[in-house]
Amino acid sequence: VLLAIVVFPAIWVLFIASGTSFGPAIDDPKDFLITLLNGLTAAALYFVVASGFTLIFGLMRVVNMAHGAFFLLGGYVALRTQRNMVGGDVGLGLSSAQVSLAQWVVPALAGVAVVAGAGLLMQQLFLRWTQGQDLRQALITIAISIILADQMLAHYGGVAQDISWPGTFDKFVNLHVEGIQYTMTRLVILGFGLVIGALLWFWLQKTRSGMVIRAGVDDRDMVSAMGINIQLTFAIAFVIGSALAGFGGVIGGSFASLAPGVDANWLLNSLVVVIIGGMGSLAGAAIGSLLLGLTTNFAAAYLPANYTFYAIIFTFVLLAIVLAVRPLGLYGRPA
Amino acid sequence: MSSARGSRLSADRIAGGIFVVLALFAPLIFSEYWVATLLTQMLFLGIVAASLIFLSAYGGMVSLAQVSIYGVAGFALGNLTTNGNTKGMNLGWAEAPGIVVALIVALLVAFVFGALANRSYGIYFLMITLVFSVIANLFFGQVTSVSGFGGISGIPIPDFLSRTAHPDRLYFVTLAVALLVYALLRYVARTPFGLTLQGIRDDPVRMSSLGYNVTLHRTLAFAFAGLIAAVGGILFVWWNAQIAPSTIGLNATIDVLVIAVIGGLYRLEGAWLGALVFVLINNYAQDIDLVSERFHTLIGVIFLVIVLVSPNGLIGLWERITAGPRRELPLDITQERGSAEPTPAG
């Protein structure tokens, strides 16, 4: 049965794909490649956000339900900073020609810094002394996400807005494959995903503080007993994890837009990615992001035109298959 | 000790009795707006929250999917019984078969959700059910053949219940259903099935070793609670006459969680107590200048304070006040089992 579930969509996409907007991949490799690239770039963004979620969960067993709200907060802070920096009459929004590279990077850093601070504050105020009561901590972060979402609605309004990419990124590049002209912004996102993945991998595998974190994931009490300041490690992990949500918000706000409700979608994305990949595992987050990104993009592109609404069901099916086979996720281990 | 416990029990009974009597005579005491709007809403929200508390208290499963199942029932009823003038399938069925089929559909969805989540414990279960909830919301938002973004409106209510026939009838029916649900949940908790469920809550590995089918019990409990939530969904649709994806969105999911937590996650009575508090705040916060627009901030702050100060909710406070030996039932009843291994394969 599992084989059929994997093989049938592959055959469908490659050879049949009747009634879809693209047609089968062998007839139309260009659209197939574009869909593939779209899936990969979406996966890169999923990974940036979900890796922060999984880092926090892996070390502290904290399900940060405010992760989506942090995503949105990072985006909004960057948006405001950018509008202030560019100045002038914003009107319906900035166009990329008005924005220099620095006017994207500085707001991005501002967004990341604010969210990292918010994460640290939340951890120190509410989570530090409730350590080990994981359900209570999840409820605390839900409460914080309600408050944050409502306050953001009050301060930034309910209209969708977006951060403008700098002119440097906002163009098409020729990939010299099948003559595809692809947007550079998506490639930039892919680059961010790869760089952040590499940095996280290097940090966790090759540095001392990363080793402490990995040890903490395996046995918190033992690490503490060895004389290592585990509270400091927790704080670091929370700052980095929140910062990743904030950075994801900046990218997401540039790539799509920021509006109330976006926080819920990104919380969902992060949850799906880590449930598929296995909670607390960086490799799991990478695999989960890939599966989710490819599934959603291929489902949207290769369902018959009248049925593209049903793409959401494929997310559910993906989740159902993984849970049926491995309840702890692909890379999950019992805590 | 035993006398202290006895006094607490009788204090419970007296308080519960007062509530029921007040509820029965509510139409004589309160205004029509109170009864037809606030109290009816309190009762069906309480039913949904009770299904969550049942799972949490007796099964150790804190589910965020109750609102999505309630939505499935509501949307199914909407699709089946509307006739022509709205979104959805407009099948134009009569009320009675519509209700039965809507409940069956919701039960099946709950069974599938339960079957998928049955090997997850603690916060994993919380997360997976949250994902179910958001997916259900997106499904109804995107699939225009059953609903679409605007939802279904003009869902008919049986004639004898409509507000034009008599303003209080829907209230009394909801009250009767709520009392029935309460009695049924209490009864099920005492059946062999309920006792097994509580054993699984406390130690799934041991229950599995004793030969009980742990995953099946958890799935069935989830499906049963889903049915209860679905009943709440039907009442909601009658009360509201319409249902839209936004009414079963993340906000609604969290509202029901807030109700259950404010009331207390480990006693069924907490569901209606929490719902009462929630509905009153919802209604009266509009009149306070400072919070009128920022209702959800207020709810969030109250929720945060409850979780920080009295993790067992108002029922927990009540039990502390009515003294007696304090029951050691921390909120995190699932904590020790969060790491429990799934049952052996096979």
Side-chain angles (χ1 to χ4, degrees), chain A residues 57 61-63 65 68 125-126 129-130 132-151 153-154 260-261 263-265 267-272 274-276 279 306-313 315-316 319-324 326-329 332 334-335, chain B residues 56 62 64 112 115-120 122-124 126-128 130-139 141-145 148 246 249-251 253-254 257-258 261 265 293-308 311 330-335 338-342:
Chain A
F57 181 83
R61 303 281 130 189
V62 172
V63 181
M65 295 286 190
L125 279 182
F126 299 119
W129 57 276
T130 48
Q133 301 167 291
D134 45 18
L135 185 59
R136 192 174 179 194
Q137 290 187 320
L139 296 179
I140 290 172
T141 57
I142 288 176
I144 304 240
S145 75
I146 301 172
I147 298 170
L148 266 181
D150 199 46
Q151 287 299 317
L153 178 62
D263 49 348
N265 286 340
L267 178 61
L268 172 76
N269 289 338
S270 303
L271 285 171
V272 171
V274 298
I275 289 172
I276 292 173
M279 277 174 258
N306 292 335
Y307 295 92
T308 46
F309 302 123
Y310 291 92
I312 182 69
I313 292 181
T315 307
F316 180 74
L319 192 74
I321 295 171
V322 172
L323 283 178
R326 288 190 63 95
L328 291 173
Chain B
S56 155
V62 180
L64 291 181
V112 171
L116 285 173
N118 64 15
R119 287 184 289 175
S120 305
I123 40 176
Y124 294 85
L126 184 85
M127 280 188 267
I128 287 169
L130 175 61
V131 170
F132 291 159
S133 174
V134 180
I135 285 180
N137 177 26
L138 292 176
F139 175 83
Q142 291 178 4
V143 181
T144 45
S145 51
S246 58
L250 188 65
N251 270 340
T253 300
I254 288 177
L257 180 71
V258 169
V261 170
L265 263 180
E293 290 284 295
R294 299 273 66 83
F295 163 65
H296 271 102
T297 300
L298 179 68
I299 279 289
V301 170
I302 291 174
F303 184 43
L304 186 61
V305 169
I306 291 266
V307 174
L308 292 176
L331 173 66
D332 235 354
I333 44 180
T334 53
Q335 182 194 328
S339 60
E341 295 268 356

Closer than 3.5 angstrom, by distance alone: can the side chain of A/Arg136 be matched with the main-chain N or O of B/Val307 as a donor-acceptor pair? yes

Heavy-atom proximity to chain B below 4.5 Å, by part of A/Leu148: neither

Non-hydrogen atoms of chain A under 4.5 Å away: do they reach the side chain of B/Ser120, the backbone, both or neither? side chain

Is A/Ala138 close to chain B through its backbone or its side chain, or both, or neither, when contacts mean heavy atoms under 4.5 Å? side chain

With sequence neighbours left out, write down each residue that passes ring pair (Phe, Tyr, Trp, His ring centres under 6.0 Å) with B/Phe303, or none if nothing qualifies. none

Under 4.5 Å from a heavy atom of chain A, the part of B/Ile135 involved: both

Applying side chain to side chain contact (heavy atoms under 4.5 Å, CB included), can you list everything that pairs with B/Val112, at least two apart in sequence or on another chain? B/Leu116

Select, from A/Ala154, A/Ala143, A/Ala149, A/Ala320, the one with the greatest count of heavy-atom pairs under 4.5 Å involving chain B. A/Ala143

Check each atom of B/Leu257 against the heavy atoms of chain A and say whether the ones under 4.5 Å are side chain, backbone, both or neither. side chain

Using the benzene-type ring in the case of Trp, are the ring centres of B/Phe132 and B/Phe139 under 6.0 Å apart? no

Under a 4.5 Å heavy-atom cut-off, does chain A meet the side chain of B/Leu130, its backbone, both or neither? side chain

With a 4.5 angstrom heavy-atom cut-off, which part of A/Ile275 approaches chain B: side chain, backbone, both or neither? side chain

